[in-house]
Amino acid sequence: AQSVTQLGSHVSVSEGALVLLRCNYSSSVPPYLFWYVQYPNQGLQLLLKYTSAATLVKGINGFEAEFKKSETSFHLTKPSAHMSDAAEYFCAVSGGNQGGKLIFGQGTELSVKP
Amino acid sequence: GAVVSQHPSWVICKSGTSVKIECRSLDFQATTMFWYRQFPKQSLMLMATSNEGSKATYEQGVEKDKFLINHASLTLSTLTVTSAHPEDSSFYICSARVGRSYEQYFGPGTRLTVT
């Protein structure tokens with residue numbers, strides 16, 4: 001079985017500060033990992049994905065994430081937060097014989113203070 | 001590329017009526033589409049997996065007779081909420097999978113309010 005845990009349902013940072021959103025996964029097979037962003041009343045937009053290639057993955061809007069198998073983690077970072085980064089962020093895992101299903105974490109709401 | 005649309009974006013219906021939500025892949029063919037439900041401030045809950053030309057596979061606890069899913073073509077899946085009740089009010093999101101890729105492309109969601 002696969003699962004995802006996002007540590008911290010709410011993270012608040014100042015504009016220009018480092019953004020760190022934590023994600024730990026559990027998977028009995030090599031995982032595919034994703035980070036999605038959701039703005040209010042909208043669908044999900046893919047930020048980045050890990051598919052067993054490079055462990056450091058760069059995504060859109062300056063975000064990146066590092067796959068660490070030993071720590072079963074896939075934390076999302078951005079060096080400098082912008083006001084426009086305020087949104088809900090979801091980490092998800094897929095893989096194995098799941099028929100392409102995504103298992104989502106609980107989500108982390110990011111607030112950016114001016 | 002890889003754009004998924006949903007229609008309508010929001011709908012209000014009266015209790016006891018049925019409402020249909022469409023999910024379309026605009027620029028690719030989707031053999032598999034997924035339907036999710038999201039309550040305020042919560043994560044996405046997978047309701048069912050829809051494969052073109054076959055019956056949908058529902059997640060445990062999801063009433064298949066209440067949430068009818070049809071995937072009649074490679075670009076269209078529909079979710080019909082039958083005999084809607086206020087507790088069915090929610091944000092419904094669909095996604096589409098390209099081939100055997102693990103990546104899903106999400107629609108913008110449909111806000112359903114049942115009065």
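Quick note on labels: first sequence line is chain A, next is B, and so on, each numbered from 1. Because only heavy atoms are used, hydrogens play no part in the values below, and waters and symmetry mates are left out as well, while side chains stay in.
Cation-pi geometry between A:K49 and A:F34 is not met: the NZ or CZ atom fails to fall both under 6.0 Å from the ring centre and inside 45° of the normal.
Within residues 105-114 of chain A, the residues that have a heavy atom under 4.5 Å from a heavy atom of chain B are A:G105, A:Q106, A:E109, listed by number.
Only the side chain of A:L46 comes within less than 4.5 Å of a heavy atom in chain B; its backbone stays farther off. Contact annotation for A:Q38: only side-chain heavy atoms (C-beta onward) come within less than 4.5 Å of a heavy atom of chain B. Looking at B:Q42, only its backbone comes within 4.5 Å of chain A, counting heavy atoms on both sides.
If you look at B:F39 and B:F91, their ring centroids are not closer than 6.0 Å. Aromatic pair B:F106/A:Y36: ring centres closer than 6.0 Å.
Between the side chains of B:S77 and B:W35, a donor-acceptor pair is found at a separation under 3.5 Å. Side-chain contact of A:Q2 with A:Y32: a donor-acceptor pair under 3.5 Å is absent, judged by distance alone. A side-chain donor from one of B:T32 and B:N51 sits under 3.5 Å from a side-chain acceptor of the other.
Contact tally against chain B (heavy-atom pairs below 4.5 Å) for A:N41, A:L102, A:T51: the top residue is A:L102. Interface check for chain A: of the options B:M45, B:E59, B:Q6, the most heavy-atom pairs under 4.5 Å are formed by B:E59.
No more than 12 heavy atoms of other residues, nucleotides or ligands shown are found within 6.0 angstrom of NZ on B:K55.
Salt bridge present: B:E22 and B:R24 bring a charged side-chain N and a carboxylate O closer than 4.0 Å.
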